[in-house]
J.: 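Dropping the structure in here first, questions after.
Naming convention: chains lettered A, B, ... in sequence-line order (proteins, then strands); numbering from 1 in each chain. The figures that follow rest on heavy atoms only: side chains count, while hydrogens, waters and symmetry mates do not.
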Amino acid sequence: MYALVDAVAFYASAEKVFDPSIRRKPVVVLTNNDGCICAVCPIARKLAIPKFQPYFQVKQYLFDHQVVIRSSNYELYADLSERMMNVIGRFCDNQHIYSIDESFLNFNGFNPLITDWYRYGHTIRRTVWRETKLPVGVGFGPTATLAKAANHAAKKLPGFDGVAVIDSESSRVNILRAMDIQDVWGVGKRLAKKLKLMNINTALDLAQQDPRKMKRLFSVVLERTVNELCGKRCLSWDDVRQDKKEIFSTRSFGERVTDPITLKTALINHSAIVARKLRAQGSLTQRLLIFVASSPHQQGYYKKSYIYEFNIATADSRVFANAISEVFEQLYKPNVLFYKCGVGALELTSHMFQQPDLFQASIDNPKLMQCLDKINARFGIGTLAIASETSSADWHMKREYLSPHYTTRWYNLPKIHC
DNA sequence: TCTGGGGTCCTAGGACCC
DNA sequence: TCTGGGGTCCTAGGACCC
């Protein structure tokens, strides 16, 4: 049995934890640079506010309905996420954190000890609420995809109180029948449209298709989804928590950038983030994609990228920084209003099998990087960095409605007035 | 006045080679 | 004279997720 536990509108709920005054109000959270809406609390959901719409397009509507607006406060969310995951992790010895607010639990092995999944789910939910003040939904199912479906039912369908269990043919059919095809894990807007043309409208309709036919008409991915919906496990636990095949760090600027030093520093910062993530999963990269771009929404769209090939696979922040310095001239163009830039590691390999270059010395130094990671893990990311990263900037990220960092900065400690 | 997220994986189609 | 296959690698863009 698998479970999927995730928070209800995580960012919006996180905003409510330390600010009870907005708990009963509609709240939405914006993405970086206050670009789009990325989280809508259940109260705001009733106002039919669409996710991922550009903020400026709905600004007036939000104002008219007195919706509370918050900029993304990742420092707060990351900390609350960690607390929430720790609580959830106590309920299963095999937890996989899938995203900032979702984790899979794998109960295969000690199933017999739990007799009532529904009750167990509620215990999880109650405990997380009591200890973190974050509302979560819990879905159980024999496959990862069914656990996802149950989780969806738990939060969205009437008659479920935050917990749903698929442990029988009837519960499976009932939940899938009430689920729109578009809400199935792995079926997006486009696929949903095509499937609906074939009169496949619900998750149950999809589950009843011939998997081989779906493979032929669409892809292996959809074939797998059909099987998973029928309770046939195609995504093993190892698949669910497979290492990433590529790792990116990209960001748009709050204000357009023209200055080469600023752009280069931003790129080196992204590369440092990529390097850290690579080391965290024990990977090295053979090639680094470095790109810069102006806004695609404006005239004269400029986009340029460079793929840097290393002699030996690496995850050394200094090697990355050198690579960027080396090729930066070829990316930069004067008078371009840069809107976005980023770095991505492609072709990852394991650090267990690093192949050295016989003829070329490298400054690659895993031990030094390990030391850097340890210091930063203990004293906070950014405590130790390479010189070319230096900058206080969030790249002037636009965050007009930022809440305090309640849990990670002393001067932001919440105050209680008696 | 102007404003438009971030991350990962997959795939179709082109270039190149034999 | 004209036509013709199959494999690998690369890349941009699409699809999906949150």
Side-chain angles (χ1 to χ4, degrees), chain A residues 4 6-14 28-40 50-60 71-72 74 77-78 81 97-103 137 144-145 148 151-152 155 181-195 215 218-225 235 239-256 270 273-274 277-278 281 283 285-287 289 291 293-299 301 303-307 309 337 339-348 395-400:
Chain A
L4 179 68
D6 76 347
V8 177
F10 179 56
Y11 294 172
S13 298
V28 301
V29 179
L30 308 178
T31 57
N32 283 329
N33 295 314
D34 295 343
C36 297
I37 290 173
C38 69
V40 181
K51 240 184 174 184
F52 300 112
Q53 182 147 31
Y55 168 56
F56 74 93
Q57 289 175 1
V58 286
K59 203 170 179 175
Q60 189 61 44
S71 302
S72 284
Y74 285 105
Y77 309 151
S81 168
I97 295 172
Y98 177 72
S99 74
I100 194 163
D101 78 318
E102 284 176 285
S103 64
T145 307
K148 262 272 193 189
N151 176 281
H152 178 265
K155 294 191 301 183
I181 187 75
Q182 161 102 60
D183 295 326
V184 174
W185 193 31
V187 177
K189 219 174 177 173
R190 223 183 118 95
L191 253 182
K193 203 172 157 190
K194 287 184 186 168
L195 290 169
K215 180 183 179 179
F218 298 97
S219 69
V220 284
V221 183
L222 194 63
E223 179 195 30
R224 202 177 58 198
T225 302
L235 279 167
D239 294 330
V240 172
R241 38 172 209 176
Q242 219 174 31
D243 278 350
K244 302 216 184 326
K245 294 174 181 168
E246 54 184 52
I247 291 175
F248 274 74
S249 175
T250 71
R251 197 116 312 167
S252 46
F253 299 106
E255 292 163 19
R256 305 288 188 261
H270 286 304
I273 292 168
V274 169
K277 288 185 176 175
L278 282 171
Q281 80 163 26
S283 293
T285 184
Q286 195 72 50
R287 333 168 66 196
L289 172 72
F291 79 90
S294 69
S295 169
H297 304 293
Q298 278 168 1
Q299 282 206 329
Y301 183 38
K303 185 174 179 182
K304 190 125 194 225
S305 62
Y306 191 101
I307 292 183
E309 308 251 357
L337 299 172
Y339 160 76
K340 189 173 183 172
C341 72
V343 169
L346 314 168
E347 260 175 57
L348 308 193
W395 314 116
H396 321 290
M397 211 199 287
K398 196 172 153 194
R399 294 196 291 187
E400 268 184 62

J.: Applying side-chain contact (heavy atoms from CB on, under 4.5 Å), name anything that partners A:Val58, two or more places apart in sequence or on another chain.
T.: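 A:Val58: side-chain contact (heavy atoms from CB on, under 4.5 Å) contacts with A:Ile37, A:Gln53, A:Leu62.
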J.: Which residues pass the side-chain hydrogen bond (donor to acceptor under 3.5 Å, both in side chains) test with A:Thr285, not counting sequence neighbours?
T.: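 Here no residue qualifies.
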J.: For the pair A:Ser81 (side chain) and A:Ile100 (backbone), establish whether a donor and an acceptor sit closer than 3.5 Å, ignoring hydrogens and angles.
T.: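 Yes; judged by distance alone, with no hydrogens or angles, the pair exists.
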J.: Tell me every residue that passes salt bridge (charged side-chain N to carboxylate O under 4.0 Å, His left out) with A:Glu246, counting only those two or more places apart in sequence or in another chain.
T.: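 Partners of A:Glu246 under the salt bridge (charged side-chain N to carboxylate O under 4.0 Å, His left out) test: none.
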J.: Quick one: list whatever passes salt bridge (charged side-chain N to carboxylate O under 4.0 Å, His left out) with A:Lys155, sequence neighbours left out.
T.: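 Scan of A:Lys155 (salt bridge (charged side-chain N to carboxylate O under 4.0 Å, His left out), adjacent residues dropped) gives A:Asp6.
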J.: What verdict does the side chain to side chain donor-acceptor pair (under 3.5 Å) test give for A:Asp101 and A:Ser99, after you've listed the backbone C-alpha separation in whole Å, the side-chain angles of each residue and the deciding distance to 0.1 Å?
T.: CA-CA 5 Å; A:Asp101 78 318; A:Ser99 74; 3.3 Å; yes
J.: What N/O pairs connect the protein and nucleotides 1-5 of chain B at under 3.5 Å? Give each pair on its own line.
T.:
from	atom 1	to	atom 2	distance (Å)
B:dT3	OP1	A:Gln298	NE2	2.1
B:dG4	OP2	A:Arg256	NH2	3.2
B:dG4	N9	A:His297	NE2	3.3
B:dG5	OP1	A:Tyr339	OH	2.4
B:dG5	O4'	A:Thr31	OG1	2.9

J.: How many whole angstroms separate atom CG of A:Leu346 from atom P of B:dG7?
T.: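 A:Leu346 atom CG is separated from B:dG7 atom P by 14 Å.
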J.: What contact category does A:Leu191 fall into here, base, sugar-phosphate, or nothing, at under 4.0 angstrom with non-hydrogen atoms?
T.: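 Sugar-phosphate contact only.
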J.: Spell out protein contact along nucleotides 8-14 of chain B as letters: B when the base is contacted, S when just the sugar-phosphate is, - when no protein heavy atom is under 4.0 Å; keep the 5' to 3' order.
T.: SBS----
J.: What integer distance in Å separates A:Asp183:CG from C:dC18:P?
T.: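 In whole Å, C:dC18 P and A:Asp183 CG are 11 Å from each other.
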J.: Could you tell me which residues satisfy side-chain contact (heavy atoms from CB on, under 4.5 Å) with A:Phe52, sequence neighbours excluded, listed by chain and number?
T.: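 By the side-chain contact (heavy atoms from CB on, under 4.5 Å) rule, A:Phe52 matches A:Cys38.
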J.: Within this structure, what is the CD-to-P distance between A:Glu102 and B:dG7, rounded to whole angstrom?
T.: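 About 17 Å, once rounded to whole Å.
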J.: To the nearest angstrom, how far is A:Phe10 atom CZ from C:dC18 atom C1'?
T.: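 Checked: the CZ to C1' distance equals 12 Å.
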J.: Might you work through the side chain to side chain donor-acceptor pair (under 3.5 Å) test for A:Ser72 and A:Asn32, ending with a clear yes or no?
T.: CA-CA 6 Å; A:Ser72 284; A:Asn32 283 329; 5.0 Å; no
J.: For A:Gly186, which contact category applies under a 4.0 Å heavy-atom criterion: base, sugar-phosphate, or nothing?
T.: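 Result for A:Gly186 = sugar-phosphate.
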J.: With sequence neighbours excluded, what pairs up with A:Arg256 under the salt bridge (charged side-chain N to carboxylate O under 4.0 Å, His left out) test?
T.: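 Salt bridge (charged side-chain N to carboxylate O under 4.0 Å, His left out) list for A:Arg256, sorted by chain: empty.
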J.: Nearest whole Å is fine: how far is C:dC17 P from A:Lys51 NZ?
T.: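 It works out to 12 Å between those atoms.
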J.: Quick one: A:Lys148 NZ to C:dC16 P, roughly how many Å, whole number?
T.: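 So the two atoms are 15 Å apart, to the nearest Å.
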J.: Using both pair distances under 3.5 Å as the test, note the stems of at least 3 consecutive Watson-Crick or G-U pairs that include DNA chain C.
T.: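 If one scans DNA chain C for consecutive Watson-Crick or G-U pairs, the stems found are B:5-18 with C:5-18.
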J.: For A:Phe10, which residues count as a ring pair (Phe, Tyr, Trp, His ring centres under 6.0 Å) partner, sequence neighbours excluded?
T.: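 Testing A:Phe10 for ring pair (Phe, Tyr, Trp, His ring centres under 6.0 Å), a comparison that skips the adjacent residues, returns none.
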J.: Who are the side-chain contact (heavy atoms from CB on, under 4.5 Å) partners of A:Lys245, not counting sequence neighbours?
T.: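 A:Gln242.
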J.: Please work out if A:Asp6 contacts a base, only the sugar-phosphate, or nothing of the nucleic acid, heavy-atom cut-off 4.0 Å.
T.: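 The residue A:Asp6 makes no contact with any strand.
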J.: What is the distance, rounded to the nearest whole Å, between atom NE2 of A:His152 and atom P of C:dC17?
T.: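 In whole Å, C:dC17 P and A:His152 NE2 are 11 Å from each other.
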J.: Residues in side-chain contact (heavy atoms from CB on, under 4.5 Å) with A:Ile97, at least two apart?
T.: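 side-chain contact (heavy atoms from CB on, under 4.5 Å) list for A:Ile97, sorted by chain: A:Met85, A:Gln95, A:Ser103.
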J.: Give the rounded distance in Å between these two atoms: CD1 of A:Ile181 and C1' of C:dC16.
T.: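 Whole-Å distance recorded here is 14 Å.
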J.: Considering every strand and a 4.0 Å limit on heavy-atom distances, what is the contact class for A:Val29: base, sugar-phosphate, or nothing?
T.: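 Nothing: the residue A:Val29, judged by heavy atoms under 4.0 Å, touches no strand.
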